[in-house]
Undergrad: 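Quick one: the structure is below, questions incoming.
All values reported here derive from a predicted model rather than from experimental measurement. Values reported hereafter were calculated over all heavy atoms of this structure, with side chains retained and with hydrogens, waters and symmetry mates removed.
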Amino acid sequence: RLKAMAQLTKNSGGHMSAQPRHSKECCVRAKIFASVVLYFLSVSMVPIYNKIVFAGQYGIIKFPYPMATAGLQLGASALCLVIGNIVGHFCTPPERRGGSWILGPALQYKLKHVAPVGVLFGLKYG
């Protein structure tokens, strides 16, 4: 009986309720699930989008520059990640902020170690 009472939670009116509380774990699992679904949908849509654009289907004018499309897709992804990082940094309470963010003190260090890979990736397309 004590275990059953321990599982009961008080709602805002002070009455006992057998409804389970929403925990952080549930929220984390929902975020992970949403992220995985979004990833699989976006990964699936890129080849379909490319086929439609490069073949000129559905009334879209054929676009014969695959490298430009790849650059636009990579640039749009990078821009979304940068904006998300900045918004996440400023929406987090100061006491919970981590030291690493895109415009943080280690920006030069990050650019120094990421730039060579980016340049080589760009040369590979060229």
Undergrad: Rounded to the nearest 0.5 Å, what separation is found between the OH atom of Y49 and the OG1 atom of T69?
TA: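 Atom-to-atom, Y49:OH and T69:OG1 are 5.5 Å apart.
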Undergrad: Please identify each residue that fulfils ring pair (Phe, Tyr, Trp, His ring centres under 6.0 Å) with F90, with sequence neighbours left out.
TA: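 With neighbours one apart ignored, the set is W101.
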Undergrad: With clusters defined by side-chain heavy atoms of hydrophobic residues (ILVMFWY) lying less than 4.5 Å apart, directly or transitively, does M45 cluster with Y58?
TA: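 Same cluster: Y58 reaches M45 through Ile, Leu, Val, Met, Phe, Trp or Tyr contacts under 4.5 Å.
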Undergrad: So, taking the atom named SG in C80 and the one named CG in N85, what distance separates them when rounded to the nearest 0.5 Å?
TA: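 Separation between the atoms: 12.5 Å.
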Undergrad: I need the I86 CD1 to C91 SG distance, nearest 0.5 Å.
TA: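 Between atom CD1 of I86 and atom SG of C91 there are 11.5 Å.
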Undergrad: Quick one: name the residues clustered hydrophobically with L41, using the 4.5 Å side-chain heavy-atom rule over I, L, V, M, F, W, Y, and just say none if it's on its own.
TA: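 Its cluster mates, by chain and number, are F33, V37.
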Undergrad: Kindly work out whether a path of hydrophobic side-chain contacts (I/L/V/M/F/W/Y, heavy atoms less than 4.5 Å apart) joins L123 to Y65.
TA: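 No, no single cluster joins them.
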Undergrad: More than 12 foreign heavy atoms under 6.0 Å from CD of Q108: is that the case here?
TA: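 Open.
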Undergrad: For L107 and I102, which heavy atoms make the closest approach, and how far apart are they?
TA: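 So the two residues come closest at CD1-O, 3.1 Å.
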Undergrad: Under 4.5 Å between side-chain heavy atoms, hopping through other hydrophobics if needed: is there a path connecting Y39 to V28?
TA: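 Yes; tracing contacts between hydrophobic side chains, which count when under 4.5 Å, links both residues.
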Undergrad: Among the clusters formed by ILVMFWY side chains lying less than 4.5 Å apart, do V117 and L120 turn up in the same one?
TA: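 Looking at the clustering, L120 is in a separate group from V117.
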Undergrad: Taking the side chain as everything from C-beta on, heavy atoms only, tell me whether N50 gets closer than 4.5 Å to Q73.
TA: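 With C-beta onward as the side chain, the pair touches.
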Undergrad: A quick test of your reading: do over 12 heavy atoms of other residues, nucleotides or ligands sit less than 6.0 Å from CD1 of I61?
TA: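 Not buried by this count: 12 neighbours or fewer within 6.0 Å.
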Undergrad: For the NZ atom of K62 and the CD1 atom of I52, what is their distance to the nearest 0.5 Å?
TA: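 K62 atom NZ to I52 atom CD1 measures 14.5 Å (nearest 0.5 Å).
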